[in-house]
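Just so we're clear, the structure is a prediction, and the values are computed from it rather than from any experiment.
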Amino acid sequence: MKSTNGDCPVSNEPAQEALPRLGDFVEITCPTCGRFRITRTALEMIRGRDLDGRQFALTQAKRKALEGKIPVIDSYML
């Protein structure tokens, strides 16, 4: 899978975005946050949150993810 450089929507640090985008989510790999997915709706919503709110959403996604699965941030977590 190819990737492109960008900023992590949670930490704002340089990160990789997997390409091509599949479905309604974007897959991010960040050195700080790890690998996660975020829905396109949540991606628009998260930009208006403070750092604590963004990190809380990622923490919720990691807790909710089944073992071995990639965490997904969706709009309900924001």
Side-chain angles (χ1 to χ4, degrees):
M1 185 177 287
K2 294 182 180 181
S3 65
T4 185
N5 294 327
D7 290 334
C8 174
V10 175
S11 68
N12 290 327
E13 295 181 21
Q16 298 287 316
E17 180 182 324
L19 294 176
R21 290 182 175 185
L22 302 173
D24 183 41
F25 63 85
V26 176
E27 188 170 306
I28 305 289
T29 303
C30 171
T32 300
C33 300
R35 184 176 172 199
F36 65 96
R37 293 176 178 165
I38 183 167
T39 64
R40 292 175 197 248
T41 302
L43 187 59
E44 293 301 318
M45 294 172 65
I46 204 168
R47 298 191 192 286
R49 306 291 174 163
D50 63 11
L51 180 60
D52 287 339
R54 296 189 311 260
Q55 289 175 334
F56 180 73
L58 180 59
T59 299
Q60 283 186 297
K62 287 181 177 181
R63 286 185 189 148
K64 189 177 171 182
L66 299 175
E67 188 172 329
K69 299 293 181 183
I70 300 170
V72 177
I73 298 174
D74 61 30
S75 59
Y76 298 107
M77 296 173 179
L78 298 170

Item to check | Residue pair V10, I73: steps toward the side-chain contact (heavy atoms from CB on, under 4.5 Å) verdict | outcome: CA-CA 10 Å; V10 175; I73 298 174; 4.0 Å; yes
Checklist outcome for this item: Heavy atoms of R35 and P71 approach each other most closely as O-CD, 3.5 Å
Item to check | Spacing of I70 atom CD1 and I28 atom CD1 [to the nearest 0.5 Å] | outcome: 11.5 Å
Item to check | Least distance between heavy atoms, V72 atom then M77 atom | outcome: O-CE, 3.5 Å
Checklist entry - OG1 of T41 to CD1 of I46: how many Å apart, nearest 0.5 Å? => result 12.5 Å
Checklist outcome for this item: When every non-hydrogen atom of L43 is compared with those of P9, the smallest separation belongs to CD1-CB, 3.7 Å
Next on the checklist: If I compare all heavy atoms of T39 with all of S75, which pair ends up nearest, and what's the gap?
Outcome noted: OG1-N, 4.0 Å
Checklist entry - Out of curiosity, K69 NZ to K64 NZ, how far, rounded to the nearest 0.5 Å? => result 14.5 Å
Checklist entry - Taking C-beta and beyond as the side chain, do Q16 and N5 meet within less than 4.5 Å on heavy atoms? => result yes
Checklist entry - Roughly how far, to the nearest 0.5 Å, is the CZ atom of F56 from the CG atom of D50? => result 12.0 Å
Checklist entry - Are L58 and V26 connected, step by step, through hydrophobic side chains (Ile, Leu, Val, Met, Phe, Trp, Tyr) whose heavy atoms are closer than 4.5 Å? => result yes
Checklist entry - Which distance, rounded to the nearest 0.5 Å, do you find between the CD of E27 and the CD1 of I38? => result 12.5 Å
Next on the checklist: Please find the pair of heavy atoms, one from C33 and one from C8, that lie closest to each other, and give the distance.
Outcome noted: SG-SG, 3.8 Å
Item to check | Nearest heavy atoms of L78 and A42, plus distance in Å | outcome: CD1-O, 3.4 Å
Checklist entry - Hey, does the side chain of R54 reach the backbone of R49 with a donor-acceptor pair shorter than 3.5 angstrom? => result yes
